[in-house]
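Working notes for the structure below.
All values derive from a computational prediction rather than experimental measurement. Hydrogens, waters and symmetry mates are skipped; everything else that's a heavy atom, side chains included, is used.
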Amino acid sequence: MSNPSRKEPLLYMEEYRVKQDPQDYGLADEVFNMEVFKKKLQIAIVRNDEDGLEFDLIGVYPAIANAFRRLMLSDVPSMAIEKVYIYNNTSIIQDEVLAHRMGLLPLRADPRLFAYRTEESSEAGTEQDTLEFELKVKCTRRKDASKDQSNFDDIYKNHKVYSGHLKWLPKGKQAQIYTESGVGCIHEDILIAQLRPGHELDLRLVAVKGLGRDHAKFSPVATASYRLLPQIRLNREVSGKDAYLLQNCFSPGVIGIDENECAYVKDARYDSCSRNVYRYPQISDAVTLARVRDHYIFSVESVGALKPEVIFLEAVKVLKKKCRAFIDEIEAE
């Protein structure tokens, strides 16, 4: 994804240290210029599917790349269960542990359609800022179960409580706007508790809009990370057994072997940069390992309420809003 016409600033990975390119002075002498920044900035989407989003952010400062990562983790809102009213819990799980498990259930509700609760909001909430659910499950023994059966599914009824047991309780006109599948749990097979005859759960759950900086349950992403683009260059020809040894020193798919049993760099992008090659004297001088200092490979995996590309765009909006607020404070002085 790199631009061949662009001079890439490199960080060389030697056996015991990371060395900067002698022609690259890093960020020490760089003065920020908006026109230069806009010219260098590039975004290339590599993968966007159900598993997540992978894209390249090129030509930016580390602080900007890290700002996007942190914003996606902690400043893009989502809906999560905030309060759990326990009317009956005769299971072996303590009330506080059960409440914590309920809070971590991922909800499909789109946070952009709801408002934040304020200090003036009532405890019951409104249809604009609150979702309510109930969980009522009682375990009983099946009447047709014989004494010889050993499978719990055949012996007990409702002995496993799943997230699919949650029932949505619409407030106000919510039933006319949303559907239960659109605001309920993303996955219906999350195990909450295991019961035995006589055990019962009776809960009322209240979900609100919040930020990951307040609690991790409000974070819309499962993972949001970045790494620098690896660069691998072969200094000499490596063939035969050494070629296969070199191939095994890197992640699968990074080094290829041609029909002449000579090694070549197939795809350096997915190398883990372990520097394992330096363990073998016969090939340690055959490669030069580096990373591009301003080329970031972002990986974003959504919890499910928002698509990964939407989460990134929301993070951009949050950063823009923060910058505008900061500028207004400066101009007001």
Looking at [Y], is its backbone amide N or carbonyl O close enough to the side chain of [X] to form a donor-acceptor pair, meaning the two atoms are under 3.5 Å apart?
X: D95; Y: A99; answer: no
X: R293; Y: P9; answer: no
X: H187; Y: D189; answer: no
X: R275; Y: E14; answer: yes
X: K209; Y: R117; answer: no
X: D214; Y: G210; answer: no
X: D129; Y: T126; answer: yes
X: S163; Y: I190; answer: yes
X: H159; Y: Y156; answer: no
X: T130; Y: V208; answer: no

Within 45° cone and under 6.0 Å: R69 NZ/CZ vs Y296 ring: no

Does some side-chain heavy atom of [Y] sit less than 4.5 Å from a side-chain heavy atom of [X]?
X: S299; Y: T223; answer: no
X: Y12; Y: V18; answer: no
X: V303; Y: P220; answer: no
X: M79; Y: V183; answer: no
X: C273; Y: R291; answer: yes
X: F114; Y: L131; answer: yes
X: R112; Y: E314; answer: yes
X: L313; Y: V310; answer: no

I'd like to know if [X] pairs up with [Y] as an ion pair, taking the criterion as any Lys NZ or Arg NE/NH1/NH2 lying under 4.0 Å from an Asp or Glu carboxylate oxygen.
X: D144; Y: K157; value: no
X: R47; Y: E54; value: yes
X: E134; Y: R204; value: no
X: D202; Y: K138; value: no
X: D153; Y: K160; value: no
X: E261; Y: K241; value: no

From [X] [atom1] over to [Y] [atom2], what is the distance, rounded to the nearest 0.5 angstrom?
X: I86; Y: Q94; atom1: CD1; atom2: CD; value: 10.5 Å
X: H215; Y: S74; atom1: NE2; atom2: OG; value: 14.0 Å
X: L98; Y: I92; atom1: CG; atom2: CD1; value: 11.5 Å
X: K19; Y: L10; atom1: NZ; atom2: CG; value: 11.5 Å
X: L203; Y: M102; atom1: CG; atom2: CE; value: 6.0 Å
X: D294; Y: L229; atom1: CG; atom2: CG; value: 10.0 Å

Which atom names give the shortest non-hydrogen contact between [X] and [Y], and what distance separates them?
X: A243; Y: I257; result: O-CD1, 3.6 Å
X: F218; Y: E82; result: CZ-OE1, 3.6 Å
X: A305; Y: A109; result: CB-O, 3.8 Å
X: D258; Y: Y264; result: N-CE2, 3.7 Å
X: K322; Y: L71; result: CE-CD2, 3.8 Å
X: I186; Y: R108; result: O-NH2, 3.1 Å

Could you check whether S91 and N89, counting side-chain N and O atoms only, form a donor-acceptor pair closer than 3.5 Å? yes

Polar contact flag, side-chain donor to acceptor under 3.5 angstrom, S239-N260: no

Check the pair E200 / K136 against salt bridge (charged side-chain N to carboxylate O under 4.0 Å, His left out), numbers first and verdict last. CA-CA 8 Å; E200 182 178 359; K136 291 185 177 182; over 6 Å; no

In the single-linkage hydrophobic clustering (I, L, V, M, F, W, Y; side-chain heavy atoms under 4.5 Å), do [X] and [Y] co-cluster?
X: L319; Y: L211; value: no
X: V265; Y: Y280; value: yes
X: I58; Y: V36; value: no
X: L107; Y: L306; value: no

Using 30° and 60° as the class boundaries, would you call the ring planes of Y87 and Y85 parallel, tilted or perpendicular? parallel

Do F55 and F312 make the cut of ring centroids closer than 6.0 angstrom? yes

In sequence, state the C-alpha distance, the side-chain angles, and the governing distance for I297 and L228, and then conclude on side-chain contact (heavy atoms from CB on, under 4.5 Å). CA-CA 6 Å; I297 301 174; L228 296 178; over 6 Å; no

Within a radius of less than 6.0 Å around [atom1] of [X], do more than 12 heavy atoms belonging to other residues, nucleotides or ligands occur?
X: K171; atom1: NZ; answer: yes
X: E188; atom1: CD; answer: no
X: E15; atom1: CD; answer: yes

Derivation and outcome, salt bridge (charged side-chain N to carboxylate O under 4.0 Å, His left out), residues D75 and R213: CA-CA 7 Å; D75 279 90; R213 65 168 61 249; 2.7 Å; yes

Please test V300 against M72 for side-chain contact (heavy atoms from CB on, under 4.5 Å), starting from the C-alpha separation and ending with a verdict. CA-CA 9 Å; V300 182; M72 286 188 283; 3.8 Å; yes

I would like to know whether V137 and L195 meet side-chain contact (heavy atoms from CB on, under 4.5 Å); could you show each step before the answer? CA-CA 9 Å; V137 181; L195 309 180; 4.1 Å; yes

L169 and F133: side-chain contact (heavy atoms from CB on, under 4.5 Å), yes or no, with the steps? CA-CA 5 Å; L169 303 176; F133 301 88; 5.9 Å; no

